[in-house]
Engineer: 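Dropping the structure in here first, questions after.
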Amino acid sequence: MQVLVVEDEPKMAALIKRVLVAERHVVDIAQDGVTAVALAEGGPHDVIVLDRMLPDIDGITVLRLLRAKGIATPVLLLTALGSVDDRVAGLDAGADDYLAKPFAFSELLARIRALGRRPATPADGRLAAGDLVLDELRHVAQVGEQSVDLSAREFALLGFLIRHVGQVVTRQQILDGVWGAEPDVYSNVVDLYISYLRRKLGMLDRAGRLRTVRGVGYSLRAGD
Ligand code: CA
């Protein structure tokens, strides 16, 4: 895969590059946000690894700029350990996944592989499962002309489910994908947010799309 690594610490950047090249990825390095945006625009990259703390414009701003330009490349955000606010801000800004520093390189590689397998968000910022469309720019779910506002977490949850449409996903997979490594999160938070999301989908008359698979987890269907 073609990976863009945005990291201002030269040693860290070189280390990440070496590990990725050893796995036969092709790596571009940007050491600041402005360069990152320019390189991403010149793309195409399969995955962008983006450090949250950069010397010029911070990673979250870089991410917003990329998404505003219609660059839908999956982004793995590198955040400070334990910084829940960073991760929430990152997911809200359109990050697809995050990894807290310090991380194991094996985990970095696994997450990059997983992101590379995901279909990228279409360039217009819309993810869809059948006629149910998630509009990343307006932060709404819509069916035809009808739309409903989503909270940040409902939005992340629906995005995760749409990326796994037709599959059964377990509570743990949802926790990992939407809540990540946040401490003090219990698995019943998944059920709670599924109920919120179902209520919102009900406003679009699509609550039936989100099935409970008893004893396993949940599944979003593309059609009724
Ligand atoms: Ca940094």
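Indexing begins at 1, ligand by ligand and atom by atom, following the structure's order. Worth knowing before you read on, the calculation uses all heavy atoms, side chains too, and leaves out hydrogens, waters and symmetry mates.
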Engineer: Can you name the N/O/S atom of D8 that is nearest the Ca ion (ligand 1)?
Structural biologist: OD1
Engineer: Quick check: of its N, O or S atoms, which one does D51 have closest to the Ca ion (ligand 1)?
Structural biologist: OD2
Engineer: Side chains of R198 and T212: is there a donor and an acceptor less than 3.5 Å apart?
Structural biologist: yes
Engineer: Please lay out, stage by stage, how L4 and V6 fare under the test side-chain contact (heavy atoms from CB on, under 4.5 Å).
Structural biologist: CA-CA 6 Å; L4 173 60; V6 187; 4.1 Å; yes
Engineer: For the Ca ion (ligand 1), decide whether M12 has an N, O or S atom at a distance under 3.0 Å.
Structural biologist: no
Engineer: Between R199 and E154, is there a salt bridge with N-O shorter than 4.0 Å?
Structural biologist: no
Engineer: Examine V169 and L192 and state if one hydrophobic cluster contains both, with Ile, Leu, Val, Met, Phe, Trp and Tyr joined whenever side-chain heavy atoms are less than 4.5 Å apart.
Structural biologist: yes
